[in-house]
Visitor: 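Got a structure for you, written out below as structure tokens; questions coming shortly.
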Amino acid sequence: MDGAANCKKILDELSGGGVRDYNFIEGMGCVGGCVGGPRTIIDVDKATQIVNEVAEDSIIMTPFDNLNVMKILRQLGINKIEEIMENPEVVKLLTRE
């Protein structure tokens, strides 16, 4: 979701006991996210396109390509992506009760 009004709406629903079938919620105060922020000087769609192009050209494509993420996972005893859901402690960290 994006835009402060949309963020407030979902938070009001959640605090009122509404829909709770979420594992993760990310709200962006600016419509379009950071590229739509108050100091944006180009069209939000164009800015989004440019950001996506830069991301596609990046050598770090996923969190698993990030050495810092892999270091943290190794500290949890995970050496391969496939091991994530095989580790009961990690499953507990990633599972909502």
Visitor: Let me confirm one number: the CG-CD1 distance from Asn66 to Ile59, rounded to the nearest 0.5 Å.
Guide: 10.0 Å
Visitor: Please say yes or no: joined through hydrophobic side-chain contacts below 4.5 Å, possibly via intermediate residues, are Ile41 and Ile50 part of one cluster?
Guide: yes
Visitor: Between Val44 and Thr48, is a side-chain contact (heavy atoms from CB on, under 4.5 Å) present by the stated rule, with each step listed?
Guide: CA-CA 6 Å; Val44 173; Thr48 300; 4.1 Å; yes
Visitor: Quick one: CD on Gln75 to CE on Met70, what's the gap to the nearest 0.5 Å?
Guide: 12.0 Å
Visitor: Let me confirm one number: the CG-CG distance from Asn52 to Asp57, rounded to the nearest 0.5 Å.
Guide: 11.0 Å
Visitor: How close do Arg74 and Asn79 get, heavy atom to heavy atom, and via which atoms?
Guide: CG-OD1, 3.4 Å
Visitor: Output the distance between atom CG (Leu73) and atom NZ (Lys71), rounded to the nearest 0.5 Å.
Guide: 12.5 Å
Visitor: How long is the span from the CD1 atom in Ile72 to the CG atom in Leu67, to the nearest 0.5 Å?
Guide: 11.5 Å
Visitor: Search all heavy atoms of Gly77 against all heavy atoms of Glu83 and return the closest pair with its distance.
Guide: O-OE1, 3.6 Å
Visitor: May I have the list of side-chain donor-acceptor pairs in residues 30-39 shorter than 3.5 Å, sequence neighbours left out?
Guide:
none

Visitor: Please report the interatomic distance OG(Ser58) to CD(Glu53), rounded to the nearest 0.5 Å.
Guide: 14.0 Å
Visitor: Could you tell me whether the side chain of Leu14 reaches within less than 4.5 Å of the side chain of Ile25, counting heavy atoms only?
Guide: yes
